2 protein chains.
Amino acid sequence: MSSRHIQYAADVESLPTTAWVVLGLLSFGRELSGYDLRKWAEASVRFFYGSPAMSQIYRELRRLEAQGYAVSRPAPPEEPRRKRLYRITPAGLDALAGWLREAPVEAPVLKHGVALRVWLGHLSDPATLRRTVLEHREFAQRMLDEVSAARAVAEHDPTWAYPAMIERWGERYWAAERDAADALLADLATLNQQPPATSPVP
Amino acid sequence: MSSRHIQYAADVESLPTTAWVVLGLLSFGRELSGYDLRKWAEASVRFFYGSPAMSQIYRELRRLEAQGYAVSRPAPPEEPRRKRLYRITPAGLDALAGWLREAPVEAPVLKHGVALRVWLGHLSDPATLRRTVLEHREFAQRMLDEVSAARAVAEHDPTWAYPAMIERWGERYWAAERDAADALLADLATLNQQPPATSPVP
DNA sequence: GGGAGCATGTAACGGGTTACATGATTGG
DNA sequence: CCAATCATGTAACCCGTTACATGCTCCC
């Protein structure tokens, strides 16, 4: 109803990024349920953007459908389970492409509880710190293993070239995270050797 | 008022992590204003946990004081500016140490808008993708420079051993982030060379 | 004089979480 | 038969953000 001419954005009540993530999953062309989307997000998006809660996914799906960016239908009776399948619309593809073109890229968000704890090391003890970092090292290794497994699946198919590329990126990221944990463990060790630093013979 | 005997936690209506971050800043012993805390967070915590909004810091300070974890006083009249200075209390130190000892370490939160965009590369174009990643590369380099500068300040003082250690960790983290961006740029380049991949001689 | 930075807040909003509720189907 | 998984939601909560309001002081 506005008198302005706006090309791509008649009604863009700008959606939260999570909505674009969900629409992004649908943009690969498959018809999926909320549950499916969750599983897939756990196996892909999780490594670089976390994975939204189920309830959040359902909310975004309803919103996307209200916006005309997706359509849904109940699964046909042949399907054993009652569920609702979502598909992206041309308008949805357009909107997603427009978001990619125009929305400014937000700075990456990092909340690193392990770094926070070491930073407050003066209120902790060496053993606890060491254990915390070691657990994180194992977590990073696990993430690396999982993202590697995910990548192995969709390799060599040009349709999945970009997801595969980001999975490679994820491998590098989590390998670096593991290595940084190792370096931190080494730093912690040298710090603990220092206090009795009245070294007899230099 | 409870009949139970609970050593460290008579009334722990568990605070959000941001409150512990603010209390953590105060745990280094200085008496600071909300504004001071914000500046300091920008120069330290930001590199591994983001930096909360001013309004959030003020809110947490009020809450910490209500809990008895911090006390405040107006700055003395000698100070040119009207402000309120906060100091950690023994109870606050106790509570923070208790949190470090007992609270489970949350998994690190990562929301990487650049990875998200490349993951959706099929809806974008090579030039845009390349520019996005390049900008991120520069962002990571900037973060690296800034954390290095911060580290240079407090080096070699045992009081700041743990913060310095985390600044070293931050340098590794942001260097790795920059290198991962470079690797991603290389991957993007090879992908763009591939489409005319009817290679004449294998 | 005026802009940059100092300093403290209030108000509105909403995104994303956990907890809860419900019920079907599959497979050991 | 019973647990795990599939499948979809509602309700409450609150963290954290942006936008706004206010006024001071420093320095060019």
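Labels below follow one simple rule: chain letters A, B, ... track the order of the sequence lines, proteins then strands, and each chain is numbered from 1. Note that the structure is a prediction, hence the values are computed from the model and not measured.
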Rounding to a whole Å, what distance do you find between B:E106:CD and C:dT17:C1'?
14 Å
Distance in angstrom units between B:K111 NZ and C:dG15 P, rounded:
12 Å
Please report the distance, rounded to the nearest Å, between CD in B:E42 and C1' in C:dC6.
15 Å
Ring pair (Phe, Tyr, Trp, His ring centres under 6.0 Å) partners of B:H112, counting only residues at least two apart
A:W169, B:H136
Take the protein atom CZ of A:R59 and the nucleotide atom P of C:dT18, then report the distance between them rounded to whole Å.
14 Å
With no hydrogens and no angle check, just 3.5 Å: does a side-chain donor-acceptor pair link B:Y35 and B:Y58?
no
Taking side-chain contact (heavy atoms from CB on, under 4.5 Å) as the definition, give me every residue that meets it alongside A:L100, ordered by chain and number, with sequence neighbours left out.
B:R117, B:L120, B:L123
Would you kindly give the CD-to-C1' distance between A:Q56 and D:dC13, to the nearest whole Å?
14 Å
Rounding to 10 degrees, work out the angle separating the end axes of the helix from C:dG1-D:dC28 to C:dG28-D:dC1 (five pairs an end).
30°
Does C:dG15 have OP1 or OP2 under 4.0 Å away from a side-chain N or O of A:R63?
yes
Ring-face cation contact, B:W40 with B:R30, 6.0 Å cut, 45° max:
yes
Where at least one partner belongs to residues 75-92 of chain A, residue pairs that pass side chain to side chain donor-acceptor pair (under 3.5 Å), sequence neighbours excluded
A:S72-A:R84
Just the rounded figure in Å: distance from P of C:dG14 to CG of A:L15.
12 Å
Can you name the residues that form a salt bridge (Lys or Arg N to Asp or Glu O under 4.0 Å) with B:D36, not counting sequence neighbours?
none
Those residues that, when tested against B:R178, pass side chain to side chain donor-acceptor pair (under 3.5 Å) (two or more places apart)
B:Q141
Contacts of A:R38 meeting side chain to side chain donor-acceptor pair (under 3.5 Å) (sequence neighbours excluded), chain-then-number -> none
Atom pairs, protein N/O to nucleotides 7-11 of chain C N/O, distance under 3.5 Å:
from, atom 1, to, atom 2, distance (Å)
C:dA7, OP1, B:K83, NZ, 3.3
C:dT8, OP1, B:R84, N, 2.8
C:dT8, OP1, B:R84, O, 3.3
C:dT8, OP2, B:G34, N, 3.4
C:dT8, OP2, B:Y35, N, 3.1
C:dT8, OP2, B:Y58, OH, 2.7
C:dT8, O5', B:Y58, OH, 3.3
C:dT10, OP2, B:R62, NH2, 3.4

From CD1 of A:I57 across to C1' of D:dT8 the rounded distance in Å is 12 Å
I'd like to check the side chain to side chain donor-acceptor pair (under 3.5 Å) partners of A:S51; sequence neighbours left out, ordered by chain and number.
A:E42
